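Each residue takes its place number in the sequence, starting with 1. As the structure is a prediction and not an experimental result, all values here were calculated from the model.
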Amino acid sequence: MAADSGAPGGEEPGPERTADGHHLIIDGRRWRATDPSIPDGFRQELVDELMAARRAVKSSEVDARRRVHDAKTALGERGAPWWEDRTGDDFDERIAAVIRALTRKREQSSICPSDVARTVGGESWRSLMTDVRRVAAELADRDEIVVTQKGEPVNIREARGPVRIVHGPKI
């Protein structure tokens, strides 16, 4: 397997990468790289949630491993490869993981559906808004999230205009 260890644009060199950039090589093992299309701010929030979840695993907190899985899936390090087609159940699971991870990270506030679309969609995020709202509706049906409009809970399937998402009682 060919590898490229040089960092683009004169940046600080990081771990060795495969030639296609899809994987990191660490101690001779291949690990899936984080989706490079995630905007820096959202990527940092997801990394922060991942680190908090890993600390929760160490403390034996309930659902800590699910939190780690959600954060890694949201980052593109698990689930369907981020460089493949962004459709289907696997992609819906990534959308759901982003919603769960960001609402956990912003426990005291809310997220916008566009935050999720920007995280999973890169520059073509607008085309994913329908998918994000559909997945959010499914999570709301399971009480994992609550969708609000002007501070009041709403059914996202019927809501028109901007909505916000907060973590629900079963997240």
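- Counting all heavy atoms, side chain and backbone alike, G21 lies closest to A33 at O-CB, 3.8 Å.
- Note that the CG atom of D27 and the CD atom of E16 stand 11.0 Å from one another [nearest 0.5 Å].
- Neither M129 nor I156 shares a network with the other; the hydrophobic side chains, linked directly or stepwise wherever heavy atoms of I, L, V, M, F, W or Y lie under 4.5 Å apart, form separate groups for each.
- Here the options are K105, R54, R67, the test is salt bridge (Lys or Arg N to Asp or Glu O under 4.0 Å), and the partner is E49; only R67 passes.
- V163 places none of its side-chain heavy atoms less than 4.5 Å from the side chain of T148.
- The shortest side-chain heavy-atom distance between V147 and N155 does not fall under the 4.5 Å cut-off.
- The nearest pair of heavy atoms linking I165 to P113 is CD1-CG, 4.0 Å.
- The distance from atom CD of E45 to atom CD1 of I111, rounded to the nearest 0.5 Å, is 9.0 Å.
- Side-chain N/O atoms of Q44 and D40 include no donor and acceptor closer than 3.5 Å.
- Side-chain atoms of K170 and R142, non-hydrogen and from C-beta on, never get closer than 4.5 Å to each other.
- In the hydrophobic clustering of ILVMFWY residues, with side-chain heavy atoms under 4.5 Å counting as a link, V57 and L46 come out together.
- In summary, D70 and R104 engage in a salt bridge, as defined by a charged side-chain N under 4.0 Å from a carboxylate O.
- M51 and L24 fall into different hydrophobic clusters, where Ile, Leu, Val, Met, Phe, Trp and Tyr are joined by side-chain heavy atoms under 4.5 Å apart, directly or via other members.
- Residues V98 and V166 do not share a hydrophobic cluster, defined by chaining ILVMFWY side chains whose heavy atoms lie under 4.5 Å apart.
- Looking at heavy atoms from C-beta onward, H167 lies out of side-chain contact with I145 at the 4.5 angstrom threshold.
- Rounding to the nearest 0.5 Å gives a distance of 9.5 Å between CZ of R32 and NZ of K72.
- When all heavy atoms are compared, the tightest approach of R43 to I38 is N-CG2, 3.5 Å.
- A side-chain N or O of H69 and one of R78 form a donor-acceptor pair less than 3.5 Å apart.
- Between R17 and I25, the closest side-chain pair of non-hydrogen atoms is not below 4.5 Å.
- A donor-acceptor contact shorter than 3.5 Å links the side chain of Q149 to the backbone of R160.
- At least one donor-acceptor pair closer than 3.5 Å links the side chain of R94 to the backbone N or O of A74.
- Residue R65 qualifies as open at atom CZ: its count of foreign heavy atoms under 6.0 Å is 12 or below.
- R55 and E61 are not joined by a salt bridge, as no carboxylate oxygen comes within less than 4.0 angstrom of a charged side-chain nitrogen.
- V154 and A159 get closest at one heavy-atom pair: CG2-CB, 3.9 Å.
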Handout entry: salt bridge (Lys or Arg N to Asp or Glu O under 4.0 Å) evaluation trace for D92 with R134
Key = CA-CA 9 Å; D92 286 356; R134 178 180 44 76; 2.9 Å; yes
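- When only modelled atom types and interatomic distance are considered, T34 and E77 share a side-chain donor-acceptor pair under 3.5 Å.
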Handout entry: side-chain contact (heavy atoms from CB on, under 4.5 Å) assessment of D115 paired with R106
Key = CA-CA 12 Å; D115 295 344; R106 298 185 199 174; 2.9 Å; yes
Practice task
Please test D35 against L75 for side-chain contact (heavy atoms from CB on, under 4.5 Å), starting from the C-alpha separation and ending with a verdict.
Solution key: CA-CA 6 Å; D35 182 348; L75 286 163; over 6 Å; no
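- Distance OG/S109 to CG/L102: 10.0 Å, rounded to 0.5 Å.
- Shown here for A80 and D90, the closest heavy-atom pair between the two residues is CB-CB, 3.4 Å.
- Using a 4.5 Å heavy-atom cutoff, the side chains of E123 and S37 are not in contact.
- Sorted by first then second residue, the ring-ring contact (aromatic ring centres under 6.0 Å, His included) pairs that include residues 70-90, not counting sequence neighbours, are H22-W82, H22-W83, H23-W83.
- In the hydrophobic clustering of ILVMFWY residues, with side-chain heavy atoms under 4.5 Å counting as a link, L50 and I99 come out together.
- Scanning both residues, R164 and C112, for their nearest heavy atoms gives NH1-CB, 3.2 Å.
- Using a 4.5 Å cut-off on side-chain heavy atoms (C-beta onward), F91 and L128 make contact.
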